[in-house]
Amino acid sequence: MTHLRLFGSAGLIVAGRVAGSLLTLYYTLLLVTVAPADEIGRAFTALSLGFVLSVAASLNVEAGSIRFLPLYLGQGRPGAAAGFVRLCRRITLAACLVLVPVAVALAALRGVETLGPYLLGLAAAPFMAHARINSRHANALGLVLRGALPRLLLRPALLSAVLTGCAATGTTLSANAVMGVFLAAAILTALLQRALIRSAMHFDGAAPDQGEARDWLGLGLLLGPMLLLNEYGRDIVILSGSLVLPPAEVARLGIALSLVGTLGFALTAVDMVVSPRLSRAVLHAGPAAAARLLTASGAIKLAGLLAGAPLGYLLLPPLLRLMGGGYGDLGGLYLALLPIPFAMALCGPGALVLNILGHRWALFWASLGGALLLVAAVAAGGLAWGLTGAVTGAVTGTTAYHLALLLLSLRRAGTDPTLLSTVTLRAARAATPRPAG
């Protein structure tokens with residue numbers, strides 16, 4: 001019964017991620033009908049600023065939730081668990097006390113007409129960080145649905161509802177209005193999560209013990225670059241492109257990334273389902289079981305892409321008619337960005353393998369280098385060749401990152417994370433000399 005309950009929760013989370021991704025694509029396309037291209041580009045940049053800053057607003061300390069909270073509760077140390085939760089909240093509170101007054105001060109000095117969307121993104125960052133923290137805590141404590149579903153669905157659902165109403169009434173929105181709705185959604189999500197998991201956060205009234213805070217912060221900072229690239233890679237591309245592209249071009253880039261991102265989201269959903277079993281296989285069942293699982297998941301991903309990528313392209317003409325003029329180049333951008341999900345599928349979950357086996361420093365340097373390369377490639381490409389160059393930089397940087405993770409997984413972890421994992425393992429065993437006698 002426990003296994004069935006866990007499987008059902010995992011299935012609901014995957015369904016929630018898929019639904020959230022589709023809602024995000026829906027409101028992205030609706031934006032085109034209710035806002036000019038320049039305003040959409042500014043809104044996309046502000047949204048991405050909020051997402052990226054949310055990592056800094058928590059220092060990614062919540063990455064340790066799945067490790068530390070079960071450990072401390074299993075050891076009968078509720079004070080350490082309470083101390084971990086308190087530190088996470090104090091970091092985001094400190095970020096809120098810094099970022100929100102900065103946003104208000106900049107608005108007073110420079111006005112909201114130009115800076116408004118970015119200031120709202122700045123103000124939203126601590127609340128998005130808090131929502132991510134709540135989700136990680138809930139997952140670690142077995143309250144997966146209470147923590148994850150509000151974060152996955154509430155924000156895109158609220159934006160979709162507002163934009164649907166605006167489209168139905170012919171209302172035109174500015175970037176400021178879009179970001180105002182986004183900020184409200186971020187606050188509501190954090191508040192709803194907090195209410196849903198409040199009962200599990202008391203830890204029998206134990207006094208908070210933060211004696212291991214250094215370990216908590218160290219792990220969060222070590223895995224921060226991976227979080228940025230794996231969860232907010234699209235936002236890094238948009239922010240980098242906004243440095244050199246006009247807002248209307250940023251709008252086209254953001255829409256094309258959203259279209260292709262739906263395919264990438266399906267790939268991460270497969271990893272979510274596979275990751276618990278892969279962890280057990282790598283650590284306990286042995287290389288053969290892990291190889292079979294990696295091969296199966298890789299085949300599923302590739303088959304899904306080979307079916308989904310052409311389907312997405314076939315759906316572009318009606319979408320372009322919905323969006324009207326000015327977005328006719330989206331078909332070419334969609335095709336140009338397709339190597340990104342294919343690189344994800346073909347290279348396999350190298351980051352997951354490295355993390356499971358404890359190669360976190362290798363993962364840190366690969367992710368940090370990948371993030372810096374991605375920023376440089378998108379900005380340099382956009383500066384030299386405009387939108388086409390930015391897209392080329394995004395593909396180059398992302399592909400290089402996944403190839404680096406593949407090589408590290410092969411060399412450091414001794415594991416092939418691709419769909420050829422079983423073949424590689426058999427070849428390695430065949431090449432190993434058998435002992436005489």
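Here the structure is a predicted model, which is why all the values come from computation and not from measurement. As a basis for the values below, the full set of heavy atoms in this structure was taken, side chains included, without hydrogen atoms, waters or symmetry mates.
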Can you name the salt bridge (Lys or Arg N to Asp or Glu O under 4.0 Å) partners of [X], sequence neighbours left out?
X      : value
Arg89  : none
Arg155 : none
Arg151 : Glu231
Asp209 : none

Distance-minimising heavy-atom pair for [X] and [Y]:
X      : Y      : answer
Pro150 : Thr189 : O-CG2, 3.7 Å
Arg86  : Pro208 : CZ-CG, 3.4 Å
Leu219 : Gly64  : CD2-CA, 3.8 Å
Val61  : Trp216 : CG2-O, 3.7 Å
Ala175 : Ala43  : CB-N, 3.9 Å
Pro101 : Cys96  : CD-O, 3.4 Å

Residues Tyr313, Leu338; criterion side-chain contact (heavy atoms from CB on, under 4.5 Å); working and verdict: CA-CA 10 Å; Tyr313 188 74; Leu338 275 181; over 6 Å; no

Aromatic ring pairing Trp361/Phe364, orientation class (parallel under 30°, perpendicular over 60°, tilted between):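 Taking Phe364 first and then Trp361, their aromatic rings stand perpendicular (interplane angle over 60°).
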
Is a side-chain donor or acceptor of [X] paired with a backbone partner of [Y] at a separation under 3.5 angstrom?
X      : Y      : value
Gln193 : Ala131 : yes
Thr398 : Val395 : no
Thr33  : Leu30  : yes
Arg252 : Ala248 : yes
Ser48  : Thr45  : no
Ser242 : Leu239 : yes
Thr396 : Thr392 : yes

Please report the interatomic distance [atom1]([X]) to [atom2]([Y]), rounded to the nearest 0.5 Å.
X      : Y      : atom1 : atom2 : result
Leu25  : Thr262 : CG    : OG1   : 4.5 Å
Asn139 : Ser65  : CG    : OG    : 8.5 Å
Leu319 : Tyr334 : CG    : OH    : 10.5 Å
Met128 : Thr92  : CE    : OG1   : 12.5 Å
Leu337 : Leu259 : CG    : CG    : 9.5 Å
Thr268 : Lys301 : OG1   : NZ    : 8.5 Å

Can you find a heavy atom in the side chain of [X] that is under 4.5 Å from one in the side chain of [Y]?
X      : Y      : value
Leu333 : Leu387 : yes
Leu47  : Asp235 : no
Leu141 : Ile197 : no
Leu305 : Leu267 : yes
Phe84  : His137 : yes
Leu159 : Leu23  : no
Leu294 : Pro349 : yes
Leu363 : Leu405 : yes

Steps toward side-chain contact (heavy atoms from CB on, under 4.5 Å) verdict (Thr171, Val34): CA-CA 6 Å; Thr171 303; Val34 300; over 6 Å; no

Contacts of type side-chain hydrogen bond (donor to acceptor under 3.5 Å, both in side chains), residue Thr418, not counting sequence neighbours: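 Partners of Thr418 under the side-chain hydrogen bond (donor to acceptor under 3.5 Å, both in side chains) test: Asp416.
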
Any donor-acceptor N or O pair under 3.5 Å, side chains Arg194, Asn134: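 Their side chains do not contain a donor-acceptor pair, so the 3.5 Å distance test is not met.
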
With sequence neighbours excluded, residues passing ring-ring contact (aromatic ring centres under 6.0 Å, His included) with Phe342: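 Phe342 satisfies ring-ring contact (aromatic ring centres under 6.0 Å, His included) with no other residue.
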
Aromatic ring proximity, centroids under 6.0 angstrom, Phe182 and Phe51: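 Aromatic pair counts; centres sit under 6.0 Å.
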
side-chain contact (heavy atoms from CB on, under 4.5 Å) between Tyr401 and Met344, worked out: CA-CA 10 Å; Tyr401 169 63; Met344 293 172 60; over 6 Å; no

Leu163/Leu173 under side-chain contact (heavy atoms from CB on, under 4.5 Å): CA gap, chis, key distance, verdict: CA-CA 9 Å; Leu163 294 177; Leu173 293 181; 3.4 Å; yes

